[in-house]
Amino acid sequence: MRLAQLPRIFFYRCISTNSVQGAPCLYQPLQCAGKGAIGVESNVSIGVYPSPFFFSTYAYLEARHHSATISIGRGTWLNNNFCAIAEYTSIAIGRNCLVGSNVEILDSDFHGIRVEERRLSRPEWAKPVVIEDNVFIGSNVKIMKGVTIGSGAIIANGSVVTKSVPSGAIAGGNPAKLLKTIDANG
């Protein structure tokens with residue numbers, strides 16, 4: 001199936017306006033955009049077969065401004081239709097994370113709240129996102145600006161994460177709340 005994706009992978013590489021530093025294993029196309037730095041460590045995989053959206057979507061990484069960065073740690077696997085946009089700050093995904101399909105991570109609201117500011121975006125409105133090592137993020141999750149997800153945490157399917165989650169916690173819901181902690185025995 002990976003062979004069937006090669007024309008799509010090539011197409012999305014051609015339309016990308018940025019490139020990734022490192023060599024992710026692409027099972028699904030990846031589009032990179034922006035003027036900032038995008039980097040991956042070794043053994044990062046993008047796309048999963050069989051899994052929904054394998055042939056119909058692509059991964060999208062955008063480090064929009066020169067100051068923006070996206071980094072993905074060794075051994076992390078991103079499922080289909082992943083999207084991360086760092087507008088002014090950073091998105092850092094740790095090592096050995098598992099990320100479900102349709103996950104979106106954003107460091108900004110991309111506009112103001114007041115009517116007169118809705119066409120503006122300011123650097124001071126953006127906040128970094130940190131996902132520490134060994135985090136498991138379910139499908140259809142949105143992680144918003146300023147959030148840190150601690151090592152070993154689990155984020156339940158369909159959650160909208162607006163506040164930081166401690167290490168070893170299970171969080172879920174909209175907005176995501178602490179559901180329980182994981183003890184040493186699982």
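Keep in mind that the numbers below use all heavy atoms, side chains included, and drop hydrogens, waters and symmetry copies. On a predicted model such as this, the values are computed, not experimentally measured, just so you know. Note that the numbering runs from 1 along the sequence shown for the chain.
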Sequence neighbours left out, what passes salt bridge (charged side-chain N to carboxylate O under 4.0 Å, His left out) with [X]? Give chain and number order.
{"X": "R119", "answer": "none"}
{"X": "E104", "answer": "K142"}
{"X": "R8", "answer": "none"}
{"X": "E124", "answer": "none"}

Exercise. Tell me, which pairs form a ring-ring contact (aromatic ring centres under 6.0 Å, His included) where one or both residues lie in residues 12-47, sequence neighbours left out?
Worked result: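 For residues 12-47, and leaving out neighbouring residues, the ring-ring contact (aromatic ring centres under 6.0 Å, His included) pairs sorted by first residue read Y12-Y58, Y27-W77.
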
Problem set entry | ring-ring contact (aromatic ring centres under 6.0 Å, His included) partners of residues 84-128, not counting sequence neighbours, each pair once |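 Every pair satisfying ring-ring contact (aromatic ring centres under 6.0 Å, His included) with a residue in residues 84-128: H65-Y88.
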
Problem set entry | F53: ring pair (Phe, Tyr, Trp, His ring centres under 6.0 Å) partners, not counting sequence neighbours |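 None.
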
Exercise. Which heavy atom of T162 sits nearest a heavy atom of V147, and at what distance?
Worked result: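 Heavy-atom minimum between the residues: C-CG2, 3.6 Å.
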
Exercise. Which residues, ordered by chain and number, are linked to V130 in its hydrophobic cluster, where ILVMFWY side chains connect at heavy-atom gaps below 4.5 Å, directly or through other members?
Worked result: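 ILVMFWY cluster around V130 holds nothing else.
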
Exercise. Apart from L178 itself, what residues make up its hydrophobic cluster, given side-chain heavy atom links below 4.5 Å?
Worked result: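 In the cluster with L178 there is nothing else; it is isolated.
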
Exercise. Sequence neighbours excluded, which residues qualify as side chain to side chain contact (heavy atoms under 4.5 Å, CB included) partners of V103?
Worked result: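 Result, side chain to side chain contact (heavy atoms under 4.5 Å, CB included) vs V103: F82, V99, I105, I137, V141.
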
Problem set entry | Within 6.0 angstrom of I113 CD1, more than 12 heavy atoms from elsewhere |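 No.
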
Exercise. Residues two or more places apart in sequence or in another chain: which of them pass side-chain hydrogen bond (donor to acceptor under 3.5 Å, both in side chains) with S51?
Worked result: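 Listed in chain order: N79.
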
For this session: Output all residues satisfying side-chain hydrogen bond (donor to acceptor under 3.5 Å, both in side chains) with T148, sequence neighbours left out; order by chain, then residue number.
Result: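 If we apply the side-chain hydrogen bond (donor to acceptor under 3.5 Å, both in side chains) test to T148, skipping adjacent residues, there are no hits.
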
Problem set entry | Electrostatic pair E117-R122, nearest N-O below 4.0 angstrom |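 The answer is yes: the pair qualifies as a salt bridge.
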
For this session: Keeping the roles fixed (side chain from N81, backbone from T57), state whether a donor-acceptor pair exists under 3.5 Å.
Result: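 Looks like no, no N/O pair under 3.5 Å.
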
For this session: Going by the side-chain contact (heavy atoms from CB on, under 4.5 Å) test, name the single residue among I131, V165, V160 that passes it with I155.
Result: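 Single side-chain contact (heavy atoms from CB on, under 4.5 Å) partner of I155 among I131, V165, V160: V165.
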
Problem set entry | Gap separating the CG atom of D133 from the SG atom of C97, nearest 0.5 angstrom |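 D133 CG to C97 SG: 6.5 Å, rounded to 0.5 Å.
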
